[in-house]
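Here is the naming used below: chain letters follow the sequence lines, and residue numbers restart at 1 for every chain.
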2 protein chains.
Amino acid sequence: MSTAAPRAIGPLPRRQMLADDVHEAIKALIMDNAIEPGARVSIDGLARQLGVSPTPVREALARLESAELVVKEPLRGYRTTPLLTREQLDDLYQFRLLIEPWAARRAAEHSDAEGRARLDAEMRSCATPADDTYDSYKALAAHDTRFHVLVAELAGSAQVRRAFERTHCHLHIFRLHYDRGLGEQTIAEHRRITRAVLDGDPGAAEAAMREHLEAACYERLRPVSEEAGGPTRG
Amino acid sequence: MSTAAPRAIGPLPRRQMLADDVHEAIKALIMDNAIEPGARVSIDGLARQLGVSPTPVREALARLESAELVVKEPLRGYRTTPLLTREQLDDLYQFRLLIEPWAARRAAEHSDAEGRARLDAEMRSCATPADDTYDSYKALAAHDTRFHVLVAELAGSAQVRRAFERTHCHLHIFRLHYDRGLGEQTIAEHRRITRAVLDGDPGAAEAAMREHLEAACYERLRPVSEEAGGPTRG
DNA sequence: ATCACTCAGATCGTGTAGGAAATTTCCTGT
DNA sequence: ACAGGAAATTTCCTACACGATCTGAGTGAT
């Protein structure tokens with residue numbers, strides 16, 4: 001490999017479209033719960049609010065519809081996706097338990113040095129949130145998203161990565177109840193998964209991920225299910 | 001090109017919204033390989049062909065972009081998604097092996113009478129294709145899609161069902177090589193899975209699905225690997 | 001003579017403005 | 001209080017203007 005082959009350097013970020021900015025703006029509105037779940041999203045209203053014409057808003061909403069962040073009712077307009085029911089949240093975590101422990105195992109088995117360095121850097125750069133503010137929780141949610149995406153990437157499966165991203169699970173968790181004061185526990189569990197991946201211990205990585213998801217599931221399903229007093233994990 | 005008729009591909013049977021019809025029309029064009037993989041898809045061109053203005057075409061393409069049937073290059077237009085590489089096809093089948101055997105097991109365990117009746121009806125209504133024509137293969141692919149979606153539905157997991165649908169695996173398989181003359185084998189394997197589900201035998205259902213996917217994977221990966229005419233590293 | 005660069009014209013994507021059709025809301029009459 | 005209907009709002013599509021990109025020929029340099 002002496003001569004430098006014309007390898008794809010990578011597409012330089014050429015985003016200068018208004019529709020992209022509108023898309024990001026509306027996505028941010030939904031992610032921040034500035035629009036209530038199930039609320040109507042007016043095309044003209046958004047256009048006026050953002051100071052653009054309806055066309056780019058329409059294009060952005062069409063993309064968000066395929067991403068299942070909004071739903072369209074013909075001739076009636078768009079609505080944000082409603083809150084998840086208890087069954088849907090259960091189904092979501094069942095799906096995560098199906099693909100993510102597998103991804104953690106694969107990450108421990110097959111990830112390269114560069115990927116492990118990125119995972120290590122992510123864990124080093126995230127501080128445990130001290131306070132219980134809105135911004136603090138948002139930072140934790142952002143770290144959580146990056147962490148799980150990173151594990152999927154290290155597993156080397158683009159399909160698993162996309163499947164995880166398309167669940168938008170953090171949006172749904174966030175909307176159901178932002179903040180349960182479990183930031184430290186989450187970080188600790190992430191550290192355990194990271195250690196297993198960096199040590200190249202597939203079994204430990206898979207188990208740690210499964211327990212991480214089960215803990216989050218049981219923690220978060222509790223308020224959705226009734227106040228049925230049951231023994232909660234410590 | 002002499003016979004390039006830029007006139008209407010077909011009169012759109014108008015539902016409620018024009019954009020929906022345009023969306024279905026473009027989707028059909030891609031699914032039928034009427035547009036080559038990686039080929040440019042002109043907004044104005046499609047609008048002229050379908051006899052509508054560019055706006056609904058743009059909305060349809062925006063939705064297809066989120067579904068990953070087309071990709072957008074800003075200020076340059078849309079292209080259909082390119083052919084899958086060997087690694088991507090491998091990854092796709094790895095993903096299917098992760099979720100579909102699990103779905104088959106769950107279908108055998110938890111499906112109700114109505115769902116099993118639907119599965120039975122699907123298998124009864126599909127005849128083994130006698131000829132090797134294009135239409136015959138399309139009918140087989142349509143049955144295959146319905147069958148796998150049905151198994152995911154019987155498993156009771158909307159997440160798995162959506163994850164499967166969003167892979168568009170039949171489109172990719174179809175584009176890589178439509179028809180390998182394995183219709184009978186496919187149907188036979190579907191019958192075996194169906195029997196296990198109807199009998200309520202989770203282990204047999206899971207195993208049958210896994211073997212079904214592995215058979216398809218090995219059948220279909222072979223021509224791709226041999227295509228380069230030698231061991232290619234890269 | 002071959003190659004690289006430049007500069008027109010053509011083509012296409014992007015955004016704006018306006019009008020037709022449908023829905024929702026509110027008001028009126030019984 | 002309920003049914004019927006009209007105004008207001010909104011969606012949806014068309015038509016047009018602007019800007020960027022692509023294609024090809026022409027010019028100059030090596």
Side-chain angles (χ1 to χ4, degrees), chain A residues 6 8-27 29-30 35-36 38-66 69-82, chain B residues 1 4-27 29-30 35-36 38-66 69-82:
Chain A
I9 310 173
L12 28 121
R14 47 188 305 180
R15 185 190 323 182
Q16 49 187 10
M17 288 191 352
L18 191 53
D20 273 346
D21 298 331
V22 172
H23 179 264
E24 291 301 317
I26 300 176
K27 194 172 170 182
L29 284 178
I30 297 175
I35 311 175
E36 284 189 7
R40 295 195 56 169
V41 180
S42 163
I43 295 176
D44 283 322
L46 272 176
R48 277 192 299 271
Q49 190 175 332
L50 297 171
V52 297
S53 71
T55 301
V57 176
R58 177 177 299 280
E59 190 170 331
L61 285 172
R63 282 201 270 172
L64 290 170
E65 188 202 5
S66 274
L69 265 59
V70 298
V71 292
K72 176 176 185 173
E73 300 168 68
L75 300 178
R76 290 176 48 173
Y78 291 91
R79 312 174 78 94
T80 54
T81 53
Chain B
M1 304 316 171
R7 278 304 166 184
I9 295 177
L12 297 169
R14 158 152 210 172
R15 280 203 303 262
Q16 281 185 334
M17 287 192 6
L18 193 53
D20 275 346
D21 297 330
V22 172
H23 179 265
E24 290 303 317
I26 301 176
K27 194 171 171 184
L29 284 178
I30 298 175
I35 310 175
E36 284 189 7
R40 296 195 54 172
V41 181
S42 163
I43 295 177
D44 284 321
L46 273 177
R48 279 191 295 273
Q49 282 185 4
L50 298 171
V52 298
S53 73
T55 301
V57 176
R58 280 163 61 179
E59 189 171 331
L61 286 173
R63 283 201 269 172
L64 290 170
E65 188 202 6
S66 275
L69 265 60
V70 299
V71 291
K72 177 177 185 168
E73 300 169 71
L75 301 179
R76 291 212 285 184
Y78 290 91
R79 312 175 77 93
T80 53
T81 52

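Straight-line distance from the CD1 atom of B:Ile43 to the C1' atom of D:dT21: 14 Å, rounded to whole Å. For B:Arg63 and D:dC12, the CZ to C1' distance is 13 Å, given to the nearest whole Å. As rounded to whole Å, 13 Å separates atom P of C:dT14 from atom CG of A:Asp21. In this structure, B:Leu46 atom CG and C:dT14 atom C1' are separated by 17 Å, rounded to whole Å. Atom pair A:Asp20:CG and C:dG15:C1' shows a separation of 14 Å (rounding to whole Å applied). Rounded to whole angstrom, the span from the CD atom of B:Glu73 across to the P atom of C:dT14 amounts to 11 Å. To the nearest angstrom, C1' of C:dG15 lies 11 Å from CE of A:Met17.
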Would you tabulate the pairs of protein nitrogen or oxygen atoms and nucleotide nitrogen or oxygen atoms of nucleotides 19-26 of chain C closer than 3.5 angstrom?
from, atom 1, to, atom 2, distance (Å)
C:dT24, OP1, A:Arg76, NE, 3.0

Pairs under 3.5 Å (N/O, protein and nucleotides 14-19 of chain D):
from, atom 1, to, atom 2, distance (Å)
D:dT14, OP2, B:Ser53, N, 2.9
D:dT14, OP2, B:Ser53, OG, 2.2
D:dT14, O5', B:Ser53, OG, 3.4

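Using a distance-only test at 3.5 Å, with no hydrogens or angles considered, a donor-acceptor pair links the side chain of B:Arg40 to the main chain of B:Arg76. Of the possible donor and acceptor atoms, one in the side chain of A:Arg79 sits under 3.5 Å from a partner among the backbone N and O of A:Gly38. In this structure a side-chain-to-backbone donor-acceptor pair under 3.5 Å is missing from B:Thr80 to B:Val70.
Using a 4.5 Å cut-off on side-chain heavy atoms (C-beta onward), B:Glu65 and B:Leu61 make no contact. In this structure, the side chains of A:Asp20 and A:Arg63 come closer than 4.5 Å at one or more pairs of heavy atoms. By the 4.5 Å heavy-atom criterion applied to side chains, B:Leu46 and B:Gln49 are counted as neighbours.
For the side chain to side chain contact (heavy atoms under 4.5 Å, CB included) test with B:Thr81, the passing option among B:Val71, B:Ile30, B:Leu64 is B:Val71; the others fail.
Between the CG atom of A:Leu50 and the CG atom of A:Leu29 there is a distance of 7.0 Å, given to the nearest 0.5 Å.
Taking 4.0 angstrom as the limit, B:Lys72 places a side-chain polar atom (N or O) nearer than this to OP1 or OP2 of C:dT14.
Between A:Ser53 and A:Pro56, the shortest heavy-atom contact is O-CD, 3.2 Å.
Nucleic acid contact for B:Val41: sugar-phosphate only, since backbone atoms but no base atoms lie under 4.0 Å from a heavy atom of the residue.
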